[in-house]
Structures are given as structure tokens and as C-alpha cells.
S.K.: 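Got a structure for you, questions after.
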Amino acid sequence: SSAASDVYKRQALVNHNFQAFEKRVAKLSRKSSMLTVLAVAAVVGVYALAAENRKREEQVYQLSVRVKKLEYDKGE
């Protein structure tokens, strides 16, 4: 009877530990997916900023070309 009781107690402990482990894994999984979403959003934001920066650089270049042209035409 004592041996059967010990087996039952050990089985209950293993079951409890496994359930606690499952809860931790589920919690980590939720945190991981939230971090993944944040990381993807950050990457998209960086690409959007880079595209906007390239657009601004092109505008600045075009304006500088126009200024040079005006300066050249004025000098003639």
C-alpha cells in the first residue's frame, strides 16, 4: 500500500510539474510572438524611413542641380 501511495504521489508531482512547464512554455510563446511582431514592425519602419530619406536626398540633389544651372545661366 505504501509503495502504491509513493508511486501515486510521484505521478501527481510529475503531472503538476508538467502542467507548470506547459504554462511557462505557453507564456514564453506569447511573449516571443509579441516580440516577433514588434521586430517586424521595427524593420518595416526602418525601410519606410530609408525610402523617405532617399526621396529627400533626390529632391535636394535636383534642387542643387537647378541652383547650379541658374547660377551658370546668370553668369553668362
Side-chain angles (χ1 to χ4, degrees):
S1 172
S2 177
S5 177
D6 287 348
V7 168
Y8 177 76
K9 286 178 184 174
R10 271 189 257 137
Q11 186 62 37
L13 183 62
V14 166
N15 191 33
H16 172 76
N17 287 343
F18 184 73
Q19 286 175 349
F21 176 74
E22 276 187 318
K23 283 183 182 179
R24 281 189 170 180
V25 168
K27 190 175 182 180
L28 286 173
S29 177
R30 283 192 302 274
K31 285 183 178 179
S32 175
S33 63
M34 287 189 328
L35 285 174
T36 301
V37 168
L38 285 174
V40 168
V43 168
V44 169
V46 166
Y47 274 106
L49 286 173
E52 188 65 27
N53 191 34
R54 282 193 298 275
K55 190 169 122 183
R56 295 278 181 250
E57 286 177 348
E58 180 62 25
Q59 289 173 340
V60 167
Y61 174 74
Q62 293 297 333
L63 285 173
S64 69
V65 168
R66 288 170 64 187
V67 167
K68 294 274 189 213
K69 186 176 183 320
L70 286 171
E71 287 174 346
Y72 178 77
D73 289 346
K74 187 178 180 183
E76 285 184 352

S.K.: Compile the donor-acceptor pairs under 3.5 Å between side chains in residues 45-55 and protein atoms, sequence neighbours left out, one pair per line.
M.R.:
| residue | atom | partner | partner atom | Å |
| --- | --- | --- | --- | --- |
| Glu52 | OE2 | Arg56 | NH2 | 3.0 |

S.K.: With sequence neighbours excluded, tell me which residues meet side chain to side chain contact (heavy atoms under 4.5 Å, CB included) with Tyr61.
M.R.: Glu58, Ser64, Val65
S.K.: Give, for atom CD of Gln11 and atom CG of Asn15, the distance between the pair rounded to the nearest 0.5 Å.
M.R.: 6.5 Å
S.K.: Tell me every residue that passes side-chain hydrogen bond (donor to acceptor under 3.5 Å, both in side chains) with Lys69, counting only those two or more places apart in sequence or in another chain.
M.R.: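 Checked Lys69 against side-chain hydrogen bond (donor to acceptor under 3.5 Å, both in side chains); matches are Asp73.
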S.K.: Test of understanding: with salt bridge (charged side-chain N to carboxylate O under 4.0 Å, His left out), list the residues that count as partners of Glu57, not counting sequence neighbours.
M.R.: none
S.K.: Using a 4.5 Å cut-off on heavy atoms from C-beta on, say whether the side chain of Glu71 contacts that of Val67.
M.R.: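 Counting from C-beta outward, Val67 and Glu71 do come under 4.5 Å.
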S.K.: My understanding is that a hydrophobic cluster links ILVMFWY residues whose side chain heavy atoms are under 4.5 Å apart, including indirect links. Using that, what else belongs to the cluster containing Val37?
M.R.: none
S.K.: Which pairs, with at least one residue in residues 26-45 and sequence neighbours excluded, count as a side-chain hydrogen bond (donor to acceptor under 3.5 Å, both in side chains)?
M.R.: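 Listed once each, the pairs would be none.
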